[in-house]
Amino acid sequence: MLEEVERWLDRRSWSVADRPLERILAAKRNTKVSVVLPALNEEATVGDIVAVIRRELMTEKVPLVDELVVIDSGSTDRTAEVAAAAGARVVARDSILPRIPTVPGKGEVLWRSLMVTSGDVVCFVDADLRDFSADFVTGIVGPLLTDPDVDFVKAMYDRPFGDTPGQGGRVTELVARPLLNLHWPRLAGFVQPLGGEYAARRSLLERLPFPVGYGVELGLLVDALHTVGLDALAQVDVGVRKHRHQDGQALGRMAAAIYRTAQLRLSRGHLVRPWLTQFERGARGFEPRTYAVDTEERPPMAEIAEYARRRVA
């Protein structure tokens, strides 16, 4: 590991216990905090997450979170209804920036969320977490309120796979970590580079392009490094993350999108064939299934006319 990264680990890696809630609230002052949950068919978990945030972080005694928004990206279940009943403001993805046709993907939802939130600090939390703790929010928002030199904070945690500790995050270990160590070794200290729980200053997020699909976490991390430097990035240990695990083929598609996102940032030039073929056993043996790999990226939100007009207003 680079000496710079070893120093960064000592300086910019914390535990949630390092910043008691009282200290975070005292540092908040007039800073507005928005929490965004991107959601697609998450009726089983989204309500509990919203309820915890409202009960523990949005009260008169603990006014840490000013805005809690669930962006529903076309759910066919009761995600929107459950989230609203629990106390979130629910916004349909397709209603945001209707001038620009939507495309499927988590990054698309996160990008559009900047248009319908107003926080100086924006905190993203995946909507499929189980046994959710408010530490996921306080842990990653805290450094942005107490340390003015920090612009981007990722959560780190244990990721069990079923009953086996430490075996989650398969795409991280097989794809993202090797890519970062080989091509962006200054980011090798991040424990969960693909984790969906992170917070950043709006002033940074609005300057970054957003890959529309699975590559969004790696893309934002790499681009944040180049935009504000390693010392402006940090990570906080928030314990254990439990969520729904995807099957191997879905992970393959995720891995391909992440590789493409990395490749784009390495070359910014000609890219290889943007397709991934996988195999499923059918009536006539193994049958190929070919999927497009996410290649589209949204420009920095600061370049969008509607966003600029909103900022002026």
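- Residue Val191 is found in a hydrophobic cluster whose other members, listed by chain and number, are Met156; membership requires side-chain heavy atoms under 4.5 Å apart, directly or through intermediates.
- Between Glu297 and Arg260, no side-chain nitrogen of the basic residue sits less than 4.0 Å from a carboxylate oxygen of the acidic one, so the salt-bridge criterion is not met.
- With sequence neighbours left out, the side-chain hydrogen bond (donor to acceptor under 3.5 Å, both in side chains) criterion links Asp77 to Thr79.
- In terms of the side chain to side chain contact (heavy atoms under 4.5 Å, CB included) criterion, Ala44 has no residue partners (sequence neighbours excluded).
- With Glu197 contributing its side chain and Asp126 its backbone, the two residues share a donor-acceptor pair below 3.5 Å.
- Between Val153 and Ile140, the closest heavy-atom pair is CB-O, 3.5 Å.
- In terms of hydrophobic clustering, with Ile, Leu, Val, Met, Phe, Trp and Tyr side chains grouped at heavy-atom distances under 4.5 Å, Val238 and Val240 are assigned to different clusters.
- Rounding to the nearest 0.5 Å places CG of Asp151 at 5.5 Å from CZ of Arg201.
- Closest approach of Ala257 and Tyr214 over heavy atoms only: CB-CB, 4.0 Å.
- A distance of 12.5 Å separates OH of Tyr259 from CG of Leu218, quoted to the nearest 0.5 Å.
- Within the 3.5 Å criterion, the main-chain N or O of Pro299 finds a donor-acceptor partner in the side chain of Trp111.
- Contacts of Phe132 classified as ring-ring contact (aromatic ring centres under 6.0 Å, His included), with partners at least two apart in sequence or in another chain: Phe136.
- With sequence neighbours left out, the side chain to side chain contact (heavy atoms under 4.5 Å, CB included) criterion links Leu2 to Val5, Pro185, Arg186.
- Scored by the side chain to side chain contact (heavy atoms under 4.5 Å, CB included) test, Glu56 finds Val52, Ala134 as partners (sequence neighbours excluded).
- Taking a cutoff of 4.0 Å between a charged side-chain nitrogen and a carboxylate oxygen, Arg112 and Glu108 qualify as a salt bridge.
- Separation of atoms CG (Leu187) and CG (Leu225) is listed at 4.5 Å; rounding is to 0.5 Å.
- Legend: residues meeting side-chain hydrogen bond (donor to acceptor under 3.5 Å, both in side chains) with Glu81, ordered by chain and number and at least two apart, are Arg78.
- Closest approach of Ile100 and Arg298 over heavy atoms only: CG2-NH1, 3.4 Å.
- Considering CG of Asp120 and CG of Leu144, their distance stands at 11.0 Å, rounded to 0.5 Å.
- Every ring-ring contact (aromatic ring centres under 6.0 Å, His included) that Phe124 has, sequence neighbours left out, goes to Tyr198.
- Applying the side-chain hydrogen bond (donor to acceptor under 3.5 Å, both in side chains) test to Arg11 and every residue at least two apart in sequence or in another chain returns Asp231.
- The pair Lys154-Glu217 fails the salt-bridge criterion, with no side-chain N (NZ, NE, NH1 or NH2) lying under 4.0 Å from an Asp/Glu carboxylate O.
- Applying the side-chain hydrogen bond (donor to acceptor under 3.5 Å, both in side chains) test to Arg202 and every residue at least two apart in sequence or in another chain returns Thr117, Tyr307.
- Every side chain to side chain contact (heavy atoms under 4.5 Å, CB included) that Asp18 has, sequence neighbours left out, goes to Trp14, Ser15.
- A donor-acceptor contact shorter than 3.5 Å links the side chain of Asn41 to the backbone of Thr76.
- Among residues at least two apart or in separate chains, side chain to side chain donor-acceptor pair (under 3.5 Å) pairs with a member in residues 22-39 are Lys28-Asp66, Lys32-Ser118, Ser34-Glu67.
- A side-chain donor-acceptor contact under 3.5 Å links Arg19 and Thr146.
- Within the model, atoms CZ of Arg12 and CZ of Phe152 stand 14.5 Å from one another, a figure rounded to the nearest 0.5 Å.
- Atom CD of Glu303 and atom CD of Glu206 lie 11.0 Å apart (nearest 0.5 Å).
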